[in-house]
A.B. asks: 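Input: one structure, supplied below.
Heavy atoms only: backbone and side chains are in, while hydrogens, waters and symmetry mates are out.
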Number of protein chains: 2
Amino acid sequence: MPRIVDREERRRSSADAVFRVIGREGMDAVSLRDVAAEADLSMGSIQHYFSTKDEMLLFALNHMRARVITRFEAKLARMKNPSKRQYLRTMLNMLLPTDDESRQEATVNISFFASSVNNEQFRELLRQGYAGLLVAIELQLQAAADAGELREGMDSKTEAAQIFYTAQGLIGPVLLGVTTPRRAVALLDAHLDRIFRD
Amino acid sequence: MPRIVDREERRRSSADAVFRVIGREGMDAVSLRDVAAEADLSMGSIQHYFSTKDEMLLFALNHMRARVITRFEAKLARMKNPSKRQYLRTMLNMLLPTDDESRQEATVNISFFASSVNNEQFRELLRQGYAGLLVAIELQLQAAADAGELREGMDSKTEAAQIFYTAQGLIGPVLLGVTTPRRAVALLDAHLDRIFRD
DNA sequence: AGTTTTGTAATGCGATTGTATTGCTAAACC
DNA sequence: GGTTTAGCAATACAATCGCATTACAAAACT
């Protein structure tokens, strides 16, 4: 049986198992035994692919970013000739917990954030994630500004920050059910309306 | 030695110890032994005041809300005749991790949020917290609108939601250092500028 | 063909956890 | 004044944890 497996693929699918456990029972419940069971592996196998639990979680956090990017690009590919506004809207809406997959990702992200209190590596990865998203939004908005698509008096950096943080702030309340995905999307659309020309 | 203590006060100071442990080492590190040591109590005492660990954490989460409200009212009391805008600004800025105390509170809140994945009582309390804040902001903005302090075409509910979620979204990035408290405050001020007349 | 490496599995172990139990002191009560 | 109760402390205990160790099978390599 050995050697017929792709090592990285095994690590990725184990990370997916980690996400399912976190999404179902929270980060506290993530034990090597639980992850092994969820991934249909023995605990020895998990140990074979990850030197420590910390390394497993760190890999999982890295894998999460790749997963989100993949999901974003898949959504973009489904649109033909997306406008800059559509591009932005897609990116922002993707952050919101609208279906099972995005709910799981949001839950996992918050769990890692909480765990980052005593893990500088987690903090650094999360920092990069936030910064990368913000820059991507800034770039897109700046391009829209250059193309004359924005209303008068709009500072693209300020607007990028405001709409990004609004989306970020919506994640928790939507997860809890304080507001609905529909209302969250409408709020972001109202913001986009204010930024873009008709 | 017995009976000369205020039971509720003991529970509150134990909750403060819980917050210090969470702020320093994260929620995972919260054990009854750690909390007891942090509160300068024996483990037996902690058990005397809380039936279970869950009850202790639930009490702590309740205590957190009381603490935040107390802090807000203290700040407000330090201002003479605050305008509606100043009132709003104070409330929003208080959510941000600007000093040690607010950093600790933000960290604790996020930790409880992550733990709420498998704790409906936590979720319900967090829901109430979010909803209460949002309503308070809506009321204040509506009052400002009635007083003619807002610009034309401002929907107070929409603006309340947008500025509240923006503040919420800023908490994480400020905690991580993606942006600074100063820039976060400036962003909220820019938002207030847009809502209120000069 | 024999050796090495890799994947898988089972088990042991020390540490830590939440909770239960017990004992003791001193205030409170009838 | 004897009894009850609240506060405090120490300890026992079962469960669970991450990690190390061991064993074994099969592919890969020389």
A.B. asks: How long is the line joining CD of B/E55 and C1' of C/dG18, in whole Å?
C.D. replies: 14 Å

A.B. asks: Is A/R11 close enough and on-axis enough to A/F59, meaning under 6.0 Å and within 45°, for cation-pi?
C.D. replies: yes

A.B. asks: Taking all non-hydrogen atoms of both residues into account, name the closest pair between A/A167 and A/L96 and its distance.
C.D. replies: O-CD2, 3.9 Å

A.B. asks: Starting the side chain at C-beta, find the nucleotide from C/dT8, C/dT19, D/dA9 nearest to B/S42.
C.D. replies: D/dA9

A.B. asks: Looking at every heavy atom in both B/T166 and A/Q162, which two are closest together, and how far apart are they?
C.D. replies: OG1-O, 3.9 Å

A.B. asks: Mapping A/D28 and A/S51 onto DNA chain D by nearest heavy atom, which one lands closer to the 5' end?
C.D. replies: A/D28

A.B. asks: Tell me which nucleotide among C/dG18, D/dG7, C/dG7 gets nearest to the side chain of B/H48.
C.D. replies: D/dG7

A.B. asks: Using a heavy-atom cut-off of under 4.0 Å over every strand shown, decide if B/V35 touches base, sugar-phosphate, or nothing.
C.D. replies: nothing

A.B. asks: Nearest-Å distance, CD1 (A/I46) to C1' (D/dC17)?
C.D. replies: 15 Å

A.B. asks: Write down the distance between CE (B/M43) and P (D/dC13), rounded to a whole number of angstrom.
C.D. replies: 15 Å

A.B. asks: Measure CD/B/E9 against P/D/dG7 and give the value in whole Å, please.
C.D. replies: 13 Å

A.B. asks: Rounding to a whole Å, what distance do you find between B/Y49:OH and D/dC8:P?
C.D. replies: 4 Å

A.B. asks: Does a donor on one side chain and an acceptor on the other come within less than 3.5 Å for B/S13 and B/D16?
C.D. replies: no

A.B. asks: Nearest to the A/Q47 side chain among D/dT21, C/dT8, D/dC17, which nucleotide is it?
C.D. replies: D/dT21

A.B. asks: So which heavy atom on B/I195 is nearest to which on B/M154, and how close?
C.D. replies: O-CG, 4.0 Å

A.B. asks: Indicate whether the side chain of B/D146 and that of B/Q142 have a donor and an acceptor atom separated by less than 3.5 Å.
C.D. replies: yes

A.B. asks: Can you tell me how far C1' of D/dC8 sits from CG of B/D40, to the nearest Å?
C.D. replies: 14 Å

A.B. asks: Nearest to the side chain of A/R7, which nucleotide is it out of C/dG7, D/dC17, C/dT19?
C.D. replies: C/dG7

A.B. asks: Using the side-chain contact (heavy atoms from CB on, under 4.5 Å) criterion, which residues pair with B/T107? Sequence neighbours excluded.
C.D. replies: A/V117, B/S111, B/L175

A.B. asks: Which whole-number value in Å describes the distance from A/F50 CZ to C/dT8 P?
C.D. replies: 12 Å

A.B. asks: Measure CG/A/D54 against C1'/D/dG18 and give the value in whole Å, please.
C.D. replies: 11 Å

A.B. asks: Dump every N/O contact between nucleotides 13-16 of chain C and the protein below 3.5 Å, one line per pair.
C.D. replies:
none

